[in-house]
Undergrad: 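There's a structure below that I have some questions on.
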Amino acid sequence: MRITLTFVFLLIISFTSNSADVEKIKPFTSDGCSIFPDGTLEHKDLWLACCTAHDYAYWQGGTAEQKDIADKELKNCVAKVGQPKIAELMLAGVIVGGNPYLPTPFRWGYGWPYPRDYKMLTEEELLQVKAADPFKDSNKNNN
């Protein structure tokens with residue numbers, strides 16, 4: 001009996017340790033401002049750059065605090081282009097609709113397989129984000 005229990009225990013350990021595959025991030029994509037317009041009727045892409053930066057943060061995911069920062073940065077960016085009321089509306093939308101628990105293409109951490117909770121990225125995940133960074137070549141030109 002003792003040998004059987006030991007064998008079952010070792011079998012379980014071997015399966016669980018081998019099944020912990022590292023999650024892979026998908027290539028970055030942006031849908032602009034998701035289900036919100038990218039700008040006004042006169043300036044159709046007025047705050048599109050704000051939404052693309054926000055999508056980059058959402059693609060990576062991370063902690064709830066990091067999401068709050070990304071959401072506030074979106075609000076501030078849209079307000080800076082002269083649309084403070086639209087910025088408040090967008091903030092309310094991302095607070096409600098951007099959580100990681102909904103299986104939407106614009107959820108917090110959408111670059112990772114669903115489901116994914118709020119959590120700090122590991123060193124390996126940060127390396128994946130850096131390797132997949134679509135802006136890395138443009139960042140080199142700015143330094």
Side-chain angles (χ1 to χ4, degrees), residues 4-143:
T4 304
L5 288 175
T6 303
F7 176 73
V8 170
F9 177 74
L10 291 173
L11 192 62
I12 290 171
I13 294 293
S14 69
F15 278 118
T16 57
S17 65
N18 291 336
S19 64
D21 292 331
V22 175
E23 291 183 334
K24 301 290 184 209
I25 196 164
K26 296 177 216 153
F28 174 71
T29 58
S30 175
D31 63 359
C33 298
S34 300
I35 55 175
F36 201 86
D38 295 336
T40 65
L41 291 174
E42 299 82 27
H43 305 283
K44 297 195 183 308
D45 295 334
L46 185 59
W47 50 77
L48 177 58
C50 302
C51 294
T52 302
H54 188 250
D55 284 354
Y56 184 69
Y58 265 54
W59 167 73
Q60 295 177 62
T63 65
E65 292 79 16
Q66 289 170 312
K67 180 186 179 299
D68 291 343
I69 291 167
D71 292 345
K72 288 174 184 161
E73 287 175 352
L74 172 67
K75 176 189 166 219
N76 292 339
C77 183
V78 174
K80 282 181 187 174
V81 298
Q83 299 295 326
K85 290 183 181 179
I86 295 291
E88 290 289 341
L89 185 61
M90 290 175 84
L91 178 63
V94 296
I95 288 172
V96 173
N99 73 68
Y101 309 115
L102 300 173
T104 62
F106 49 81
R107 66 177 161 70
W108 180 249
Y110 70 83
W112 302 102
Y114 180 82
R116 184 177 175 96
D117 200 351
Y118 295 108
K119 66 179 187 177
M120 183 69 72
L121 272 63
T122 65
E123 287 297 321
E124 185 170 326
E125 290 170 338
L126 289 169
L127 289 173
Q128 286 186 54
V129 167
K130 187 175 181 181
D133 184 348
F135 307 108
K136 64 184 167 200
D137 292 332
S138 63
N139 291 340
K140 286 179 188 174
N141 296 334
N142 292 334
N143 291 334

Undergrad: Is there side-chain contact between E73 and I69, with at least one heavy-atom pair below 4.5 Å?
TA: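 Yes. Closest side-chain heavy atoms under 4.5 Å.
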Undergrad: Among K119, Q128, K24, which residue satisfies the side chain to side chain contact (heavy atoms under 4.5 Å, CB included) criterion with W112?
TA: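 Single side chain to side chain contact (heavy atoms under 4.5 Å, CB included) partner of W112 among K119, Q128, K24: Q128.
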Undergrad: Rounded to the nearest 0.5 Å, how far apart are OG1 of T104 and OH of Y114?
TA: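 One gets 8.5 Å once the value is rounded to the nearest 0.5 Å.
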Undergrad: Taking atom types as modelled, find out whether D133 and Y56 have a side-chain donor-acceptor pair closer than 3.5 angstrom.
TA: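 A pair is found: one side chain offers a donor N or O, the other an acceptor, under 3.5 Å apart.
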Undergrad: Mind listing the closest non-hydrogen atom pair of A70 and A57 along with its distance?
TA: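 Of all heavy-atom pairs spanning A70 and A57, the closest is CB-CB, 3.7 Å.
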Undergrad: Just by distance, do the side chain of W59 and the backbone of V129 share a donor-acceptor pair under 3.5 Å?
TA: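 Absent.
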Undergrad: Check whether any side-chain N or O of D38 sits under 3.5 Å from a backbone N or O of C33 as a donor-acceptor pair, and report yes or no.
TA: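 Yes, D38 side chain to C33 backbone: donor-acceptor pair under 3.5 Å.
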Undergrad: Taking side chain as C-beta onward, heavy atoms only, is E23 less than 4.5 Å from R116?
TA: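 Yes. Closest side-chain heavy atoms under 4.5 Å.
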Undergrad: Students often mix this up, so state it plainly: with edges at 30° and 60°, are the rings of Y58 and W108 parallel, tilted or perpendicular?
TA: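 Because their plane-to-plane angle is over 60°, the rings of Y58 and W108 count as perpendicular.
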Undergrad: Taking all non-hydrogen atoms of both residues into account, name the closest pair between F106 and S34 and its distance.
TA: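 Looking at all heavy atoms of both residues, the shortest contact is CB-OG, 3.5 Å.
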Undergrad: Flag the pair C51 / M90 as yes when at least one side-chain heavy-atom distance between them is below 4.5 Å, and no otherwise.
TA: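 Yes. Closest side-chain heavy atoms under 4.5 Å.
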Undergrad: F135 and F28: which non-hydrogen atoms are nearest, and at how many Å?
TA: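 It is CZ-CE2, 4.0 Å.
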Undergrad: For D71, is there an ion pair with K67 - N to carboxylate O distance below 4.0 angstrom?
TA: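 Counted as a salt bridge, because a side-chain N and a carboxylate O are separated by less than 4.0 Å.
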Undergrad: Is there a side-chain contact between T40 and Q83 in this structure, where contact means two heavy atoms from C-beta onward sitting under 4.5 Å apart?
TA: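 A side-chain contact exists here, since the closest heavy-atom pair is under 4.5 Å.
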Undergrad: Do D55 and T52 pass the side chain to side chain donor-acceptor pair (under 3.5 Å) test, and can you show the C-alpha distance, the side-chain angles, and the key distance before you say yes or no?
TA: CA-CA 5 Å; D55 284 354; T52 302; 5.5 Å; no
Undergrad: Is it the case that the side chain of W47 and the backbone of P37 share a donor-acceptor pair, with hydrogens and angles ignored and the cut-off at 3.5 Å?
TA: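 Present.
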Undergrad: Measure the spacing between OH of Y118 and CD of E65 and express it to the nearest 0.5 Å.
TA: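 Answer for the OH-CD pair, Y118 versus E65, is 9.5 Å.
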